[in-house]
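Scroll down for the structure; my scribbles are underneath it.
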Amino acid sequence: MRSLTWKIMLAFALVVLLALGTVGWMARRAAVAQLGAYSTSGARLRAERLAPSLAEYYAQTGGWTGLQDALNTAIPMMGAGMGWGRGAMGPAWLPMGIMGTSYRVIVADAGDVVVADTGAQDAIGRRLKPEERSAGVPIEWNGQRIGTVLVLFEATEIEQQLASQFRQALDRSLLVSVIVAGLAAIALGFLLARQILAPLRHLRQAAVRVAAGDFSQRVQVASHDEVGDLAHTFNTMAEALGRQEELRRQFIADVSHELRTPLAIIQAHLEAFLDDVYPLTKENIANVLDEVMLLGRLTEDLRQLALAEAGQLSLQREPVDLAAFTASILAGLAPQAQERGITLQADVPEGLSPVYADPQRLSQIFHNLLSNALRHTPAGGRIEIRARPAPQAGYIAIQVADTGSGIPPEELSHIFERFYRGDRSERRAYGGTGLGLAIVKHLIEAHGGQISVQSRPGEGTTFTFTLPAAPGS
């Protein structure tokens, strides 16, 4: 956890420092560029003010002869005078405030040949470069271009010192801002890391206890963000694990009980045979065989249930006509129903779409539900199979309803659990294993359907399940 805290703090600091560093670099670059642009714009403005005066000089002198000397005389005088715009310094044609020792003036004739340069006298006679000509201001007289004037800013030593001091002050300000913001980011990252990691630390401690087998652990959901969702998910997982562990223990206890009872009966009968307590008659051997067959059914049901819960049931699906299929199922159970005085009926309308199911598994579903109904329906009762299109498109709803004793409300939510039964003595009497409804539920879900139950004590029970209709039907 401590390592993650440092990672969050450093990540915050790195992001803030990177952002501030980028912004600071861009701000410094923009400030320096703006300072240069200010000087350049100032030089351009001076060139625009100087162009008419140079045109007047050209008109008075009839050319550019003597311009170099005139500018060389004017600049020192104005640089040593009272300043730009003060006093009548220099030639009369030179406007006030246009010159100064920080500016270099280059004048070229109509052919772009330099005729005057206050910064480099030996440059007279050279041609202007294309970039110099584009940066210069045209000198016009009577609508004709007679030359070009270019003013360049050349900082004095004092101005260079002031510019250097400005850049240093700007750098210091940016550095202080980056340091302060970095420290603030580290502090904020530390607080945020503690806020995030505190519930995670509690979650880790609870997870360790759950891993050790304590499924009663829960963590407090203190927020509605991702951490809160994680805590809620953990609580749900711990509850599910606790429920599964309870079911596993109950399952082991139930299996042990179900195996122990027939084994004890078999052992008792065999010992009685050996001790000549029971005669070795067919009737007594038949009792032992019943218990062996019960063990066989229990073993097979456990195998089926294990395959269903693991999702490894193999289904050989095909379209199944429910009318013919239910008629066959009821015909097979008719002798047993007649013996108990129970009426079997089927209500499957003509033209109902066939279901897409495994016939063997479907037979297992019907036999389990109908056998269960036969056990709980008294003489004179009725068991009916009904089939209709389900509200959900593409499915068929099937009901197995009886007029039997019904199921108490407190037991309805448990009847699909393994080994659950309200009356253990009744199961022993009918030879059930307590796994039939659990297997039915898994078989139906393996087909993509669902099952539910409704019951009223003394009135009967109705199991309703859905199966997908055959494709193209």
Side-chain angles (χ1 to χ4, degrees), residues 28-167:
R28 183 184 185 280
R29 183 179 179 183
V32 173
Q34 190 64 29
L35 184 61
Y38 173 78
S39 302
T40 302
S41 62
R44 176 79 180 184
L45 179 62
R46 281 168 169 77
E48 291 174 351
R49 294 178 59 189
L50 184 57
S53 300
L54 291 172
E56 185 178 351
Y57 174 88
Y58 180 86
Q60 292 177 358
T61 62
W64 298 116
T65 304
L67 179 61
Q68 179 69 40
D69 294 335
L71 292 176
N72 287 340
T73 301
I75 291 176
M77 292 173 61
M78 297 190 72
M82 293 179 290
W84 299 337
R86 295 184 182 182
M89 301 293 182
W93 54 268
L94 194 63
M96 292 286 89
I98 203 66
M99 299 300 295
T101 56
S102 297
Y103 292 92
R104 174 185 174 185
V105 180
I106 302 174
V107 181
D109 60 13
D112 293 334
V113 177
V114 176
V115 296
D117 189 339
T118 61
Q121 190 170 354
D122 57 353
I124 296 175
R126 73 176 179 86
R127 296 185 67 85
L128 288 178
K129 299 177 181 179
E131 59 270 18
E132 292 178 327
R133 188 178 189 280
S134 62
V137 175
I139 304 173
E140 297 179 350
W141 183 257
N142 292 333
Q144 294 183 351
R145 181 177 176 275
I146 59 176
T148 302
V149 58
L150 176 64
V151 178
L152 303 175
F153 177 78
E154 293 182 341
T156 63
E157 183 178 352
I158 295 178
E159 290 170 335
Q160 291 177 356
Q161 291 178 356
L162 290 175
S164 178
Q165 292 175 2
F166 170 76
R167 287 191 293 268

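Computed from a prediction, not measured in an experiment: that's the story for all the values here.
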Salt bridge or not for Glu132 and Arg127, using N-O below 4.0 Å? no
Of all heavy-atom pairs linking Gly125 and Val113, the shortest is O-CG1, 3.6 Å
Intermediate values then yes/no, side-chain contact (heavy atoms from CB on, under 4.5 Å), Val114 and Val107: CA-CA 6 Å; Val114 176; Val107 181; over 6 Å; no
Spatial distance of atom CG (Leu54) from atom CZ (Arg49) [nearest 0.5 Å]: 13.0 Å
Which pairs would a plain distance check flag for residues 137-146, meaning a side-chain donor or acceptor within less than 3.5 Å of a matching protein atom at least two apart in sequence or in another chain?
residue, atom, partner, partner atom, Å
Arg145, NH1, Ala110, O, 3.3
Arg145, NH2, Asp112, OD1, 3.1
Arg145, NH2, Thr148, OG1, 2.3

Rounded distance [0.5 Å steps], CD1 in Ile124 versus CD1 in Ile106: 10.5 Å
Could you grab the distance from atom CG of Leu152 to atom CG of Leu150, nearest 0.5 Å is fine? 4.0 Å
So, for Val149 and Ala47, which heavy atoms are closest and what is the spacing to 0.1 Å? CG1-O, 3.6 Å
If you compare all heavy atoms of Arg104 against all heavy atoms of Thr118, which two are closest, and at what distance to 0.1 Å? CA-OG1, 3.5 Å
Heavy-atom pair with the smallest gap, counting every atom of Thr65 and Tyr57: O-OH, 2.7 Å
